[in-house]
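Everything on this sheet refers to the single structure shown next.
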Amino acid sequence: MTLEGILPIWKPKGFTSHDVVAKVRRIIRIKRIGHTGTLDPQVTGVLPLCIGRATRLVEYVQEMPKAYEAVLRLGLCTDTQDMSGQVLQRLKNPGGRVTPQQVTETIAQFVGTMEQVPPMYSAVKVEGKRLYELARQGVEIERKARTVTIYSIEVLKTDWSGEFPEVRFRVKCSKGTYIRTLCADIGAALGIPAVMGELVRTSSGNIGPEQCLTLEQVEELHERGALSDKLIPMEHVLSCLPSVRLDDESARRALSGQKIRLEPAHWPQTDNSQADSGKPIAGFSGEGRLIGIFEWDPRRGLLLPNKIFS
């Protein structure tokens, strides 16, 4: 049986996202696999892999919001903004400088859209080189700020009993948000150095931990011929996108690469309003089968084929 769809992996600590892809390739013997968002080696959590034709959805799944649980550690500063790096600053009695209430109130102020400068120890490419490659050579360069969005943030627990106070929080954010940098920025707002102590990705789009498999489970299920039952259909992961249902004639024309004109009553909606120009739109048949991803042109009421799944 051909495997095709989204394979939700629970990434273990010590693996890069590329390591996970390579491991799954060896297990299922399929080359066409892509991951949907880089996780640092020490980070665990939800890592959806796109298999077969589903690799054509990687760019759309990557754009979907992510959720994390993180630990903010106060009183420390490292060159990587997490506990894997070299300590650059260590405060004595940092717990006496801020209170849990001050931290909670400050964290709440980070909800919204902001500019964030990627850390040097990151996979961002500048002139063909990864920033972490330059950082390992002792080179630091100016980085362009990126616009990111924090949709929600919630403090789960505060602990002032240790040498360095810790705050566990849950955050939902846009693609490209660095939680390490968020922790450092929260510290800066408090006037105290801060690093990320732990990080777990708890969701990617509409995929959560309850759907994920460990690498060991993937191997076991593949040996039993039962792995296909655990794959998430392409249609499911696109539920975050605006969508339209196409009648038989429109579906036939779309599959042949033709533009589709929609009557205003059938125009795609997003957040109870008309979808924006250029917005990716998922097009489905009347039976719910994915026809393709389209670009929306509201001025002319046209769906423009982008990626078609025949």
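As the structure is a prediction and not an experimental result, all values here were calculated from the model.
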If you define the side chain from C-beta out and look only at heavy atoms, does anything of [X] sit under 4.5 Å from [Y]?
X: Glu219; Y: Glu216; answer: no
X: Cys183; Y: Tyr178; answer: no
X: Arg73; Y: Met196; answer: no
X: Ile28; Y: Ile33; answer: yes
X: Arg300; Y: Lys259; answer: yes
X: Phe309; Y: Arg53; answer: yes

Count the heavy atoms of every other residue, nucleotide or ligand shown that sit under 6.0 Å from [atom1] of [X], and state whether that count exceeds 12.
X: Glu210; atom1: CD; answer: yes
X: Asp248; atom1: CG; answer: no
X: Lys307; atom1: NZ; answer: yes

State whether a side-chain donor-acceptor pair under 3.5 Å links [X] with [Y].
X: Thr38; Y: Ser17; result: no
X: Asn306; Y: Tyr60; result: yes
X: Thr99; Y: Gln101; result: no
X: Gln258; Y: Arg253; result: yes
X: Thr177; Y: Gln116; result: no
X: Gln86; Y: Thr78; result: no

Q | Linked, directly or transitively: Val98 and Leu182 (ILVMFWY side chains, under 4.5 Å) | A | yes
Q: Group every Ile, Leu, Val, Met, Phe, Trp and Tyr by side-chain heavy-atom contacts under 4.5 Å, then state whether Phe164 and Val103 land in the same group.
A: no
Q. Of all residues at least two apart in sequence or in a different chain, which pass the side-chain hydrogen bond (donor to acceptor under 3.5 Å, both in side chains) check with Thr202?
A. none
For the pair [X] (side chain) and [Y] (backbone), establish whether a donor and an acceptor sit closer than 3.5 Å, ignoring hydrogens and angles.
X: Asp40; Y: Gln42; result: no
X: Lys11; Y: Phe15; result: yes
X: Lys172; Y: Ile153; result: no
X: Trp10; Y: Cys212; result: no
X: Thr36; Y: Pro48; result: yes
X: Arg201; Y: Thr44; result: no
X: Thr104; Y: Pro100; result: yes

Q: List the steps and the verdict of side-chain contact (heavy atoms from CB on, under 4.5 Å) for Ile6 and Leu49.
A: CA-CA 6 Å; Ile6 313 300; Leu49 303 185; over 6 Å; no
Q: Apply the test side-chain contact (heavy atoms from CB on, under 4.5 Å) to residues His18 and Val21: give CA-CA distance (whole Å), side-chain angles for both, the deciding distance (0.1 Å), then the verdict.
A: CA-CA 5 Å; His18 291 292; Val21 170; 5.5 Å; no
Q: Show your working on salt bridge (charged side-chain N to carboxylate O under 4.0 Å, His left out) between Glu166 and Lys157 and close with a plain yes or no.
A: CA-CA 8 Å; Glu166 292 187 343; Lys157 182 182 178 181; over 6 Å; no
Q: Show your reasoning for whether side-chain contact (heavy atoms from CB on, under 4.5 Å) applies to Lys230 and Gln211.
A: CA-CA 8 Å; Lys230 298 295 183 180; Gln211 297 156 285; over 6 Å; no
**Q.** Residues Asn206, His236; criterion side-chain contact (heavy atoms from CB on, under 4.5 Å); working and verdict
**A.** CA-CA 8 Å; Asn206 54 12; His236 176 78; 4.0 Å; yes
Q.
For Ala194 versus Leu72, what's the shortest heavy-atom pair and its separation?
A. CB-CD1, 3.6 Å
